Each structure stands twice: as C-alpha cells, then as structure tokens.
Amino acid sequence: MNDAKPLSRSFYNRDTRVVAQELLGKFLVRRTPKEDIAAKIVEVEAYRGSDDPASHAYKGETPRNRLMFGKPGFAYVYFIYGNHHCLNVTTEPEGVPGAVLIRAVKIVDGMALARKNRRVDSLVNLSNGPGKLTKALNISKIHNGIDLANPDELFICDSETVESFEMATSRRIGVKAGSEKPWRFYLKKSKFISKP
DNA sequence: GAGAAGATCTCCT
DNA sequence: GGAGATCTTCTCA
C-alpha cells in the first residue's frame, strides 16, 4: 500500500450522488507512524445543500460546515452526540455545498491496530457504522480539513483489483428531515454495512 | 450566556 | 427494543 495513489481532485469535483456511488469499493487509507490501516468503503450517504433538509448545509454556510462549501476532496469531520465522530468527503465545485458521509467500511489491512482502537472482538462489528469506523481508524476532528488528494495521514485511493459488486440504494439512516431521499448507497452483498 | 437538538453507539431489560 | 451517555454547534435573548 506504500505506492497507493490518491484519487485526484477532479474525482470529487462532480455531483455528490455520483461521487457517493463511485466511492463504493474504493480504499480509505489511514497512515500512521506505526502501521497503515486500509479499509474498503461499503456504505455511503450523499448530503447536499439548499435542496436537502437533512444536510448541515441546508440553512446556509456556518463556521462549522464551511468545508462543504469549499473545494472538493477534503475531509469534513464533525463530532456528534457527545460520543462520536463522522467522516465526510467534500464534493462539488467550490461554492457549491456537498459531502459524502462514509457510513461503513471493511477493514482489509491493519486489522490489529483497528481492533486495538475499538476494543471489540467481532470483526463485523469493528467498522459497520459512522461512529465505529472513525474510532477504528482513529479519526477525530484534528483531521477536519485534511486534503484527501494528498497521500498524507488520510486519503482515498482506487482499488487495485477491479471486482464486480452489486450496488443497492435506500433512504438515509438516522435523519428526520429529508429522509425520503434515496441517497444512501451500499454494497448489497457486504456483511459490513450498518443495516441491510 | 443559556437551552435545545443532533448524519450514533452501547448496554440493559 | 429503548433509554442514557455526553459535547459541539446554532439560535435567541
């Protein structure tokens, strides 16, 4: 994984729903001094702006959500419910709000370290939720605003082997307003998604 | 400066 | 299946 090449800025500079779907099957890489963790993205949700009541950007720009209005390809990490971090990837051109929430991943490398971060035995239970995966990869708000197009501490790269998978869509989870929008995308066959 | 709500997880019944 | 944990951010005074 040392020669992993991050996805380019132009990948993110598109419609949020397109980016969300194409992120499925990609690898999220967390690079630490000791060990790298690599995880395959199996579940995401798209969040937009003024047409999406569930989005942080719905009511306009604030200091917190300004990354969603900024350049594409950056990490937007926020803290919620006093316990959990959520990892998003910004999309769309600068000035247009959009982000993709990474909801679930399958750890493929650095398993021991991820387990240590989470302190759970179950492999499936390690990263099948937004709060779980950030803890497993030790992602916190210090990663807010990191450029994912740079092979630094955190980035996303293409999968080495192209494998076919079946994608499914559903309504988003955990949101009240705007929950009717089918903007959740996941790998149908994966056991590592938060909900079937 | 106070109050309420929140893109969740875990433990308990 | 349901409530508690626990803190950041936004809104309103």
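Letters A, B, ... are given to chains in the order of the sequence lines, protein chains preceding strands, and every chain is numbered from 1. Computed from a predicted structure; not experimentally measured.
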Is the A/Tyr76-A/Phe74 ring centre distance short of 6.0 angstrom?
-> no
Listed nucleotide nearest any side-chain atom of A/Phe79, set C/dT6, B/dC9, C/dC7 = C/dC7
Among C/dT8, C/dC10, B/dT8, the one nearest A/Pro130 by side-chain distance | B/dT8
Starting at atom OH of A/Tyr81, determine the distance to atom C1' of C/dT9, rounded to an integer number of angstrom.
-> 13 Å
Aromatic ring pairing A/Tyr78/A/His56, orientation class (parallel under 30°, perpendicular over 60°, tilted between) | perpendicular
How many Å lie between NZ on A/Lys59 and P on C/dT9, as a whole number?
-> 16 Å
Out of C/dT9, C/dT11, B/dT8, minimum distance to the side chain of A/Arg64 belongs to C/dT9
May I ask you to say whether A/Glu92 pairs ionically with A/Arg14, meaning some side-chain N is under 4.0 Å from a carboxylate O?
-> no
Of the candidates B/dA7, C/dC10, B/dT8, the side chain of A/Asn88 sits closest to B/dA7
Which of B/dC9, C/dC10, B/dA7 is nearest the side chain of A/Arg118? It is B/dC9
Can you figure out which of B/dA7, C/dT9, B/dG6 approaches the side chain of A/Tyr47 most closely?
-> B/dA7
What is the base-pairing partner of B/dA7, counting Watson-Crick and G-U wobble geometry with both distances under 3.5 Å?
-> none
Using a cut-off of 4.0 Å on non-hydrogen atoms, how would the nucleic acid contact of A/Arg103 be classed: base, sugar-phosphate, or nothing?
-> sugar-phosphate
May I ask you to verify if any side-chain N or O of A/Lys132 is less than 4.0 angstrom from the OP1 or OP2 atom of B/dT10?
-> yes
note: A/Tyr78, atom OH; B/dT8, atom C1'; distance rounded to Å ~ 9 Å
Tell me whether the guanidinium CZ or amine NZ of A/Arg9 lies under 6.0 angstrom from the six-membered ring centre of A/Tyr12 and within 45° of its axis.
-> no
Rounded to whole angstrom units, what separation is found between the NZ atom of A/Lys176 and the C1' atom of B/dA7?
-> 12 Å
If pairing requires Watson-Crick or G-U wobble contacts with both distances under 3.5 Å, which nucleotide is the partner of C/dT6?
-> none
